[in-house]
Amino acid sequence: MALSPEEVNHVAMLARLALSEDEKTAFAEQLSLILDYVERLNELDTGEVEPLIHILPVFNVLRPDEALPGSSQEEILSNAPLVEDGQYKVPRII
Amino acid sequence: MSKEFETVIGLEVHAELKTESKIFCSCSTAFGAEPNSQVCPFCAGFPGALPVLNEKVLELAIRTGIALNCEIPEYCKFDRKNYFYPDLPAAYQISQFDQPVCKNGYLEIDLDGEIKRIRINRAHMEEDAGKLVHQGDITTTPFSLVDLNRCGIGLLEIVSEPDMRSAREARAYLEKLRSILLFAGVSDCKMQEGSLRCDANISVRPAGQEELGTRTEIKNLNSFRSLERAIEYEARRHVEAIEDGEELLQETRTWDEEKQLTRSMRSKEEADDYRYFPDPDLPPLRISRERIEEIRRQMPELPDAAQERLVETYGLPHYDAAILTTTPDYLEFFDRVIKIYPDAKVVSNWMMSELNKYLNQSNLEISDCLLKPEKLAEMLQLIDDGTISGKMAKTVFAEMFNSGKSAPEVVKEKGMVQISDEKALSAIIESIVNGNPKVVEDYRNGKEKAFGFFVGQVMKATRGQANPAVVNKLLKEKLK
Ligand SMILES: [Zn+2]
């Protein structure tokens, strides 16, 4: 299943990746191979099989509604490249 | 709005759930804390941190489902909705896609006595995003600041069917939904603080046409008023475009409160682009029928039931009952007054007129108001026993509202006691009547107006404190 250049552009846009023309060609090829590999699953007849939503037979894992201290402002911001007034500073969106 | 077009409206409402901690981590949900002070590795989106569902969130979701007459399936699960935005540190929002906790419900709105049922498509649990603050002018600043305190607070998104046909119906739906959520104790529903947010989907079509027109979604509606205005504006814009033969785009628009118009935002990513998939970190939920019944038994009184109670028990008009059941605090105020002062219609009148007027003027919630229900009851008793007149009571009420003092205190301070003593009033009437023989003559010759002159003179002489009923009675006897 060959991926079209438009599809590669679209996926790159959703992932916010700026790809060069060479990369686009290379990824189109690689992504197509991955899709083909996964596509093989469709050869199986799964008509009688219940859809699997979760790999473990576990349900209803819940915790009580109790507020506990989290990290400090300093800790939580310590990995941020830019900080101002106790907040993450990011490029303007819109 | 042209007559030959019909507006079709559906609302998506986000209600912040009233919990102590966030939906998937134990960080506090308290409003107004220092930025990024209620955050942990999970809600800041650090790799490897795992979510665990808050049991209260599930309970409140089920409670909402019961209050909105929804089906609550035995099975539901969480999915990831993937998109990039700086207020969403994990780059995905945990939400519910194809198996929400509640579906196929409805609520009823009252349009001048006509009941209309608005269907609810679904309600699902999800996490809130953080808060983006733009520095300075949004169009020129190169930076935004991000506060993650709100990120991860539990939300319920409630999606209606496109069953509303006017701005007024949409407002009535949102008001009713807010009342229900407040009575069910699910959310604070403070539109100003953002704990109740509303997006509107709007399209117009020629009257009688089955097929829906092109739909736009309007965001940033943070009051009932802006909801109404935005719908009216947007419907007009659609009709004009159709009449001018212009193409309408399916897009997301934002309401500009200052300019009173809608503006186009970036075109929305298609549903497919969110690449929803089941969240592998969260096991699915099985909700037993017993658990639902247990929650149903603990449900507080809801607005419709409360309205019926007011009509049945006190014989109040539906109109009054609807207003008194707008919020649980408002109803509680009424219920507390009525325990002491049992004339429901009188209480309702005072609450709908004076109390509402002062609450609106001062922008206060009834729960923050200094005037307590017991004090209003006491004031009403003072009117009944003739200590003050209805007119004086309005002045007393204003003072009680502002200072929280009791009616007897205000009456005493202002020397406002009504004079009902017949002897005292007779003496005053006597002197006024004797001092105006000509007017007495006129009255006896059939000039009715002259009677009003005497009432006015008595009121003037007593600085408005004479009991009008007693004055009328005594004057009539005297002038016979
Ligand atoms: Zn957290």
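Chain A is the first sequence line, chain B the second, and so forth, proteins listed ahead of strands; every chain is numbered from 1.
- Counting heavy-atom pairs under 4.5 Å between each of B:P86, B:A44, B:G130 and chain A puts B:P86 at the top.
- One distance of note links CG of A:L68 with SG of B:C25; it measures 10.0 Å at 0.5 Å rounding.
- There is no contact between A:I55 and chain B, counting heavy-atom distances below 4.5 Å.
- Here A:E84 pairs with A:K89 under the salt bridge (Lys or Arg N to Asp or Glu O under 4.0 Å) rule; sequence neighbours left out.
- Only the side chain of B:V133 comes within contact range of chain A, judged by heavy atoms closer than 4.5 Å.
- Enclosure of atom CD in A:E29 is not indicated, since only 12 or fewer non-hydrogen atoms of other residues, nucleotides or ligands lie within 6.0 angstrom.
- Using a 4.5 Å cut-off between heavy atoms, B:F42 makes no contact with chain A at all.
- The candidate from A:V11, A:V90, A:D65 with the greatest count of non-hydrogen atom pairs under 4.5 Å with chain B is A:D65.
- A distance of 12.5 Å separates CG of B:L145 from OH of A:Y88, quoted to the nearest 0.5 Å.
- The CG atom of A:L14 sits 9.5 Å away from the CG atom of B:N82 when rounded to the nearest 0.5 Å.
- Neither the backbone nor the side chain of B:C43 comes within contact range of chain A; no heavy atom of the residue lies under 4.5 Å from a heavy atom of that chain.
- Comparing B:L58, B:V39, B:L282, B:D279 by heavy-atom pairs within less than 4.5 Å of chain A, the highest count is held by B:V39.
- Closest of all the heavy-atom pairs between B:C40 and A:G70 is CB-CA, 4.2 Å.
- Residue B:P284 touches chain A through both its backbone and its side chain, counting heavy-atom pairs closer than 4.5 Å.
- Expressed to the nearest 0.5 Å, how far CG of A:L77 lies from CG of B:N36 amounts to 5.0 Å.
- Interatomic distance, B:F24 CZ to A:R63 CZ, rounded to the nearest 0.5 Å: 9.5 Å.
- Within a 6.0 Å sphere centred on CZ of A:R40, other residues, nucleotides and ligands contribute 12 heavy atoms or fewer.
- Across B:A91, B:A30, B:P280, the residue that shares the most heavy-atom pairs under 4.5 angstrom with chain A is B:P280.
- Closest approach of A:N60 to B:L285, counting heavy atoms only: OD1-CA, 3.1 Å.
- A donor-acceptor pair under 3.5 Å links the side-chain atoms of A:Q73 to the main chain of B:P35, judged by distance alone.
- Geometrically, B:R286 engages A:F59 in a cation-pi contact defined by less than 6.0 Å to the ring centre and at most 45° from the axis.
- Under a cut-off of 6.0 angstrom, the local environment of NZ in A:K24 is crowded, with over 12 non-hydrogen atoms contributed by other residues, nucleotides or ligands.
- Of the atoms belonging to B:Q38, not a single heavy atom falls under 4.5 Å from chain A.
- Of the listed residues B:L148, B:N54, B:D147, the one with more heavy-atom pairs under 4.5 angstrom with chain A than any other is B:N54.
- Both the backbone and the side chain of A:I76 come within contact range of chain B, with heavy atoms under 4.5 Å apart.
- Atom CD of A:E66 is separated from atom NZ of B:K56 by 13.5 Å, given to the nearest 0.5 angstrom.
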